[in-house]
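The block underneath contains the structure these notes are about, expressed in structure tokens.
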Amino acid sequence: MRLLLIHSDYIKYKTKSKTKIAENIEDKKKEMQFQNSLVVFTAVEEKDEENPEELVENAKKEIIKVFSQVGADNIVIYPYAHLSSSLSSPDRAKNILQSMKEILTAEGFNVERVPFGWYKSFEISCKGHPLSELSRNIQVDRVIKEKSEEEPSKFHILSEGKLYDPDTFKYESSDLKKLAAYELGNLESSGEEPPHVKIMREKDLADYEPAADVGHLRWYPKGRLIRDLLADYVYNLVTERGAMPVETPIMYDLDDDAIRVHAEKFGERQYRMGTKNKKLMLRYACCFGAFNILSDTFLTWKNLPLAIYELSTYSFRLEKRGEVVGLKRLRGFTMPDMHTVCADVEQSLQEFDSQIDMCAQTGVDLEINYEAIMRVTADFLEENEAWVLQSAKKVGKPVLLEILPKRKHYWICKMDFAAIDYLGRPIENPTIQIDVESGERFDITYMGPDEKELTPIIIHCSPTGSIERVIGSLLENSAIKSAEIPPMFPVWLSPTQIRILPIAERHLDYSLKLAEEFKSKKIRVDVDDRQETVGKKIRTAAGDWVPYVLVVGDKEMESNQVMVNIRKTQEKLLMDKEDIISRIQKESQSMPFRGLPLSLKLSGRVQF
RNA sequence: GCCUCAGUGGCUCAGCCGGUAGAGCGAUGCCUUGGUAAGGCAUAGGUCGGGGGUUCGAAUCCCCCCUGAGGCUCCA
């Protein structure tokens, strides 16, 4: 907020005509005059909207300070937009100016507020003494959360329906032990860079985009392919369970009350933007669009549970700069987000159970080990203890249980699944949350069996977590396992599934024919037609993590068999073409397929 | 955002108590037509992250900024 304070002998003003944003005023306010007044020309700025109460309080103190120094009789608050180039919305400005008047009046001052939104003529006589002209920039000090006042959560390990102390529990899974150590703040850090950052660049998957903001990536064809396959995978997974795909905008109007309240809970981490007349935020999840669809849809109890799904390409979070790293924490990311409307808590618990199964399945399909944390409020646990114990069992191994003494957020129960990275730190992937606030806030209702309007419970679920984190986890996994087995993607995600290496130029035509055959069987295949030695080509294929490498020479051209290097097992086998096709088909069974978005011949490729 | 460290050809790095840049990989060309993790020779490619300063002279010393990494803090 910008203030220009003038100690005046008199000020008089006269309203001329209304602007679009003019407030309605009584006739006597159309023309007024004040003697010996401190005139406070005021511009309310955009950033002032974040914490208006404290702002008004700070402005009050400053005005009183000047007022008492100059010895005026009146305070005149005069809206004056020209003091700032980034103004708040007119509505909010009016409210803030009115609050200033009220709070100063309550302190016993004579305060007048000049009408807002009118073209006015005014005449002022400045006293001209040293303190008669002052400007002030009123700011709100960042509110520091009194963390110590909050009662801390309690952590347990929940195994076979019994609670154990995480410090003394005998862990079978070292990953769970690491997760517990991290959550309890006992993890000592090694100070290294997570290996996936280097790998994502080396493998031409993705890189930082220097011309964007920090934490926004460019994706190269291989990375894009993996993203698309993962997107297809989640799409199939949720639509098979009955979720309906939708797509919603990436930006929302902050003048919408529900949006603003929901957004304010997220605090500093939003991207804000605007047009001439609107202040907008970029979405940090699909909630806004999903809730507005659900709010505008007529639902009855027979429809429930009902799920809509969106892949948010992109969601935006203004994460702190020092925290943005690789694929693990980004400012622009892709999140599969499903919202399920449930009639009541009971139905939400049934649905939650089935979503646990779905999330656990993604760990199997993606070949990532997840460890689970169940987080509940104390009240929720008390009312649903049997359910909590039974649901935790569905994970199939011990889980970490956090009990929050009070509900802090919109959820009463959530389950997070985390992969553990090379450095032993969790990457939070799938999540399920029971939301008891948003139904009401976004005016989502359904008609109950007795024709009464009811407010549902909503479950948020991301079956895999962000696509970028999934890829990050896969790369971390490969780094962890690389001591024992050669690093690679699951076959269905491998950009190249089969690479054919012709030994000499005379084997090229046959190799290309072979490639066409594989291609027609929905296998991603390429041919290393470069003028290099077999040794060199083998090395390149290994660097590209190709799961099956076929060497084609004179012998192969005379038979139906090919010499296959199998990356996973390090075997070198003579196989029939049909066998290798069925082997890959079996490994990729029921997983999505997309063709190779790169030239078939390696000689035609570019390096990114 | 704060603290610490770093930024040199497309990539990985050397040079850094000042004397105006060097290697390997990759790329390109030629030779080699090869049977399982780098065949040989040659060539091109850098205003040393950006700006300012000190100096006869700065990749090298000083200041500011940008970018990256780690830590702190945070993750509804």
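Using N1 to N3 plus N6-O4 or O6-N4 for Watson-Crick, or N1-O2 and O6-N3 for G-U wobble, each under 3.5 Å, B:rU54 pairs with nothing.
As judged by a 4.0 angstrom heavy-atom cut-off over every strand, A:Gln531 is placed among the base-contacting residues.
For A:Glu440, the CD atom counts as loosely surrounded, since its 6.0 Å shell holds 12 or fewer non-hydrogen atoms of other residues, nucleotides or ligands.
The separation between A:Lys572 atom NZ and B:rA37 atom C1' is 12 Å, rounded to whole Å. Taking atom OH on A:Tyr220 and atom P on B:rC11, their separation rounds to 10 Å, with Å as the unit. Straight-line distance from the CD atom of A:Glu505 to the C1' atom of B:rG35: 17 Å, rounded to whole Å.
Considering only side-chain atoms of A:Tyr208, the nucleotide from B:rG68, B:rG39, B:rG70 that sits closest is B:rG68. Residue A:Arg329 places its side chain closer to B:rC75 than to any other of B:rG34, B:rG26, B:rC75. In the set B:rU73, B:rG35, B:rG26, the nucleotide with an atom closest to the side chain of A:Glu556 is B:rG35. When distances are taken from the side chain of A:Arg567 to each of B:rA37, B:rU73, B:rU36, the shortest belongs to B:rA37. Taking the side chain of A:Arg425 as heavy atoms from C-beta on, and the options B:rC74, B:rG34, B:rG71, the nearest nucleotide is B:rG71. When distances are taken from the side chain of A:Arg506 to each of B:rG39, B:rU67, B:rG34, the shortest belongs to B:rG34.
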